[in-house]
Protein chains: 4
Amino acid sequence: MTKFLNLDIEKQDRIINAAIKEFAKKGYKNASTNEIVKEAEISKGLLFHYFKNKKDLFIFLYDLSIELVLDKIFEELDWEDKDIFNRYRQIARLKMQVFKRYPEMFNFMKVIFTEDSIEIKDEIEHKNQEFMNGSYQKMFGDIDFSKFKAGIDIPKALGIISWTMEGFAYKQQERVLQASLDDIDLDEVFMQMDEYLELLKVSFYK
Amino acid sequence: MTKFLNLDIEKQDRIINAAIKEFAKKGYKNASTNEIVKEAEISKGLLFHYFKNKKDLFIFLYDLSIELVLDKIFEELDWEDKDIFNRYRQIARLKMQVFKRYPEMFNFMKVIFTEDSIEIKDEIEHKNQEFMNGSYQKMFGDIDFSKFKAGIDIPKALGIISWTMEGFAYKQQERVLQASLDDIDLDEVFMQMDEYLELLKVSFYK
Amino acid sequence: MTKFLNLDIEKQDRIINAAIKEFAKKGYKNASTNEIVKEAEISKGLLFHYFKNKKDLFIFLYDLSIELVLDKIFEELDWEDKDIFNRYRQIARLKMQVFKRYPEMFNFMKVIFTEDSIEIKDEIEHKNQEFMNGSYQKMFGDIDFSKFKAGIDIPKALGIISWTMEGFAYKQQERVLQASLDDIDLDEVFMQMDEYLELLKVSFYK
Amino acid sequence: MTKFLNLDIEKQDRIINAAIKEFAKKGYKNASTNEIVKEAEISKGLLFHYFKNKKDLFIFLYDLSIELVLDKIFEELDWEDKDIFNRYRQIARLKMQVFKRYPEMFNFMKVIFTEDSIEIKDEIEHKNQEFMNGSYQKMFGDIDFSKFKAGIDIPKALGIISWTMEGFAYKQQERVLQASLDDIDLDEVFMQMDEYLELLKVSFYK
DNA sequence: GATGAATGAGGATTCATTCAT
DNA sequence: CATGAATGAATCCTCATTCAT
């Protein structure tokens, strides 16, 4: 992989974008290395010079995408705000900033979490697990739980909040597949998201 | 399709199980019709005598799975109970009974809702949509909303309940992939599910 | 074959028409026995009960078509007229009467004379040869050659007349593929044909 | 296609000859790409690396064959001789030179003009049409018609000459299928052809 | 006679990966 | 580093023919 990272950035990007786009469009199995090299304007051999096989390439892009989002979050999040609803609110907005910049990555990450292809299933699921465990702790380990009503089963409440955010995000993604990211009124989306968070807040907070 | 349905049940089941297993294991694109006929112990040609192509076979299994679950629900649900939490509780238990009987179908349905393969994406998404619209109405159209607290945004509350059930179910599915359906303590699972429902109930009900 | 000929005429015709239509539309190799039985509304097995294989069926239809045309000619031709140009004129008109009645046979006979499929090539070519030798003699064996100019190589002149008629017929067939038999102005076609014959007549006759 | 044309000539020829031979022997539909790669001693994949599918390969060979013959004619014909019978005489001899060199192409071109396979019919017929229109004009556009008898319908006379040449050529081809090109006494054949031309000449010329 | 389920060799085509240059 | 020709196993699918009923 170091071989690849020593390339000049412009070429790296051409390859990354081509590959992400193809995987996002067709899923792992259907994606064609042929299309990738054509779009990236490199030769067949070169791709396999940098990545030992298709799977390696996919894993590399997986790691890269996760890393990009996490870096954004860890750098720009207001860690002083310990309120879980504000935390989710912020994370959602930071994620969206990344996706606005790398539109193909947005679709690629959907593939990451739904990909069923047998060749990568295990590894991807393992990594998803790892990501959940590791990053969840970092992103939500410092939350102030004192605001929750007494008697509330806090782990379960966290589950509900998390699934609500996921479900809401997924619903928005469906819409984007029909329209495009540009045609979505983001303010409107975030306002709706806030309403869900608000509903959960009055339910769970004192 | 009538051709297939006129077969003796034993052979039908051999083919259905072989196909469902293969699709569940590898997703649409990776699934091999060769493997299916081998497992079902029929000739290559016969599969295509019954189903005009791979896609048709998949769609048939899709419809079959949905139908099996819905039939179970519509026949055995206690429609007198208009409480949404009890409704979800019952549905979950009925679904599980179907899956206990057709273990591969359990995994197949996971594929159904995440499959992205370009060849079937549109048709599957359209069918999922249809299913959601049609069946949701039937399953939840008669719910008694008078128990909800005043001031609660009921559509949003329904969304949260639904996503929570989905999220919980998905989490259980992940566990099954590691263990097997038999090794899971179902009572324990349903007890946990009830706790989530209870938490939402105290939050949303008067 | 006797088995087939003992069938009631209605069923015979259903099978013949279905087969001729399919062969005419797709040529030998591309023609599907499946389509034939579907169109004829008989079972798969029955077709092979009457004809031992696809090739046999084709040969049977070949013989049938030739026979139909020849019978028409031998029965209705005015054998008193020994002029070769009048003979061709009459034959062309009689052929056309057959084709008006069996439009699919018209296209089927085109296939007969152009079919290259390896499985039947030899047999068909041999039969075409046989037909040429045998029937040519019968159709043109009594022609009065005394009207030809002295010094004309009569066999060669006959060749030229024959190829001209063939070439003209083939050109008309091309037109029919674009239009349909009904849309062609037959009087006009025969008038043009007569002009060719007239040109040859002034050239070859005293 | 440029990919293919960059190959060394020896390999190109191995592939072309193998393909032409197979198509000539079996027609379009019956020809097996498997046989072609076996005869050409290349891998299955390579054929489809050069030609995107079987149809493309056929079309390529079609164009190549036509081109070879036309180039020969346009380069070596004596354009000063405006006599139509001499023109035909020359063209026939030049064509035969090409076929002597590529014996398989001789049979392949027969397939070209009789092939009915549904997959290529339209394209081939369109190309045949194009060829007829374009090349006929070039080959016969400068003919001197002043030698024809007054009162002769010249377009019809041209038709007769053309069909006679076609008919004669076709008759010779039939003979080659039984014997081989080497066993034919070409001088004898051309002498016979000249006799036909001579007969037409005394008929149509002053 | 009549059915149509069943066969399986063979069809064209794809594609990740290798390797000589 | 970089190329792209070459591989060949594997893909889905077709179809004439057989045979138990």
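Predicted model only: the values in this text are computed from it and were never measured. Below, chains carry the letters A, B, ... as their sequence lines are ordered, and counting in each starts from 1. We use all heavy atoms of the structure for the numbers below, so side chains are in, but hydrogens, waters and symmetry mates are not.
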Query raised in the report: Can you tell if the side chain of D:Ile20 reaches within under 4.5 Å of the side chain of D:Tyr102, non-hydrogen atoms only?
Result: no
**Report entry** Among E:dA16, E:dA5, E:dA12, the one nearest B:Leu7 by side-chain distance
**Finding:** E:dA5
Query raised in the report: Contact class for B:Leu47 (heavy atom, under 4.0 Å): base, sugar-phosphate, or nothing?
Result: nothing
Query raised in the report: Partners of D:Ser32 by side-chain hydrogen bond (donor to acceptor under 3.5 Å, both in side chains), sequence neighbours excluded?
Result: none
Query raised in the report: Between which residue ranges does DNA chain E form stems of three or more consecutive Watson-Crick or G-U wobble pairs, both distances under 3.5 Å?
Result: E:2-21 with F:2-21
Report summary line: Whole-Å distance, C:Ile36 CD1 to F:dT17 P, equals 11 Å
Query raised in the report: Nearest to the side chain of B:Lys44, which nucleotide is it out of E:dG8, F:dA5, E:dA5?
Result: E:dG8
Report task. Could you list the residues that satisfy ring-ring contact (aromatic ring centres under 6.0 Å, His included) with D:Phe4, not counting sequence neighbours? Result -> D:Tyr50, D:Phe51, D:Phe60
Query raised in the report: What's the CD1-C1' distance between D:Ile42 and E:dA12, to the nearest Å?
Result: 14 Å
Query raised in the report: Which residues satisfy the side-chain hydrogen bond (donor to acceptor under 3.5 Å, both in side chains) test with B:Ser43, sequence neighbours excluded?
Result: none
Report task. Within residues 11-21 of chain D, find the residues that approach DNA chain F with a heavy atom at under 4.0 Å, and present them sorted by residue number. Result -> D:Lys11
Report summary line: Contacts of C:Ser32 and A:Ser43 projected onto DNA chain F by closest heavy atom; the upstream (5') one is A:Ser43
Report summary line: Sorted by chain and residue number, the side-chain hydrogen bond (donor to acceptor under 3.5 Å, both in side chains) partners of B:Lys38 (sequence neighbours excluded) come out as B:Glu35
Report task. Among the candidates F:dT3, E:dA16, E:dG11, find the nucleotide nearest to the side-chain atoms of D:Asn34. Result -> E:dG11
**Report entry** Sugar-phosphate only, base, or nothing, as touched by B:Lys54 at under 4.0 Å among non-hydrogen atoms
**Finding:** sugar-phosphate
Query raised in the report: Residues two or more places apart in sequence or in another chain: which of them pass side-chain contact (heavy atoms from CB on, under 4.5 Å) with B:Glu41?
Result: B:Arg14
Query raised in the report: Heavy-atom distance under 4.5 Å between the side chains of D:Ile59 and D:Lys127, does that happen here?
Result: yes
Requested in this report: Go through the steps to decide whether C:Lys121 and C:Glu125 satisfy the test salt bridge (charged side-chain N to carboxylate O under 4.0 Å, His left out), and finish with yes or no.
Outcome: CA-CA 6 Å; C:Lys121 211 192 246 179; C:Glu125 265 163 18; 6.0 Å; no
Report summary line: Residue set satisfying side-chain contact (heavy atoms from CB on, under 4.5 Å) with A:Ser117, at least two apart, ordered chain then number -> A:Tyr28, A:Lys29, A:Glu115, A:Glu119, A:Ile120, B:Asn30
Requested in this report: Specify the separation, in whole Å, of atom CG of C:Asn6 and atom P of E:dA2.
Outcome: 11 Å
**Report entry** With B:Asn128 via side-chain contact (heavy atoms from CB on, under 4.5 Å) - residues at least two apart
**Finding:** B:Tyr62, B:Ile112, B:Phe113, B:Ile124
Requested in this report: State the CD-NE2 distance between A:Glu123 and A:His126, to the nearest 0.5 angstrom.
Outcome: 9.0 Å
Query raised in the report: Taking atom P of F:dT18 as reference, at what distance in whole Å does atom CG of C:Asn53 sit?
Result: 8 Å
Query raised in the report: Considering only side-chain heavy atoms of A:Lys3, which listed nucleotide, F:dC13, F:dA16, F:dC1, is closest?
Result: F:dC1
Query raised in the report: Between E:dA2, F:dA2, E:dA12, which nucleotide gets closest to the side-chain atoms of C:Tyr50?
Result: E:dA2
Query raised in the report: Is there a donor N/O on one and an acceptor N/O on the other, under 3.5 Å, for the side chain of C:Lys52 and the base of F:dT17?
Result: no
**Report entry** 5' priority, DNA chain E, between A:Phe48 and D:Asn30 [closest heavy atom]
**Finding:** D:Asn30
Between protein and nucleotides 19-21 of chain F, what N or O pairs are separated by less than 3.5 Å?
none

Report summary line: D:Glu39 meets the side-chain hydrogen bond (donor to acceptor under 3.5 Å, both in side chains) criterion, sequence neighbours left out, with D:Lys21
**Report entry** Whole angstrom value for the distance that separates C1' of E:dC15 from CD of A:Glu119
**Finding:** 12 Å
Query raised in the report: To the nearest angstrom, how far is C:Lys26 atom NZ from F:dA16 atom C1'?
Result: 14 Å
Report task. Could you list the residues that satisfy side-chain contact (heavy atoms from CB on, under 4.5 Å) with C:Val37, not counting sequence neighbours? Result -> C:Asn34, C:Ile42, C:Lys44, C:Leu47
Query raised in the report: Within the pair B:Thr33 and F:dC12, is there a side-chain N or O less than 4.0 Å away from OP1 or OP2?
Result: yes
Query - Interatomic distance where CD belongs to B:Glu35 and P belongs to F:dT11 [whole Å] - result: 7 Å
Query raised in the report: Can you check the B:His49 NE2 to E:dA5 P distance for me, whole Å?
Result: 4 Å
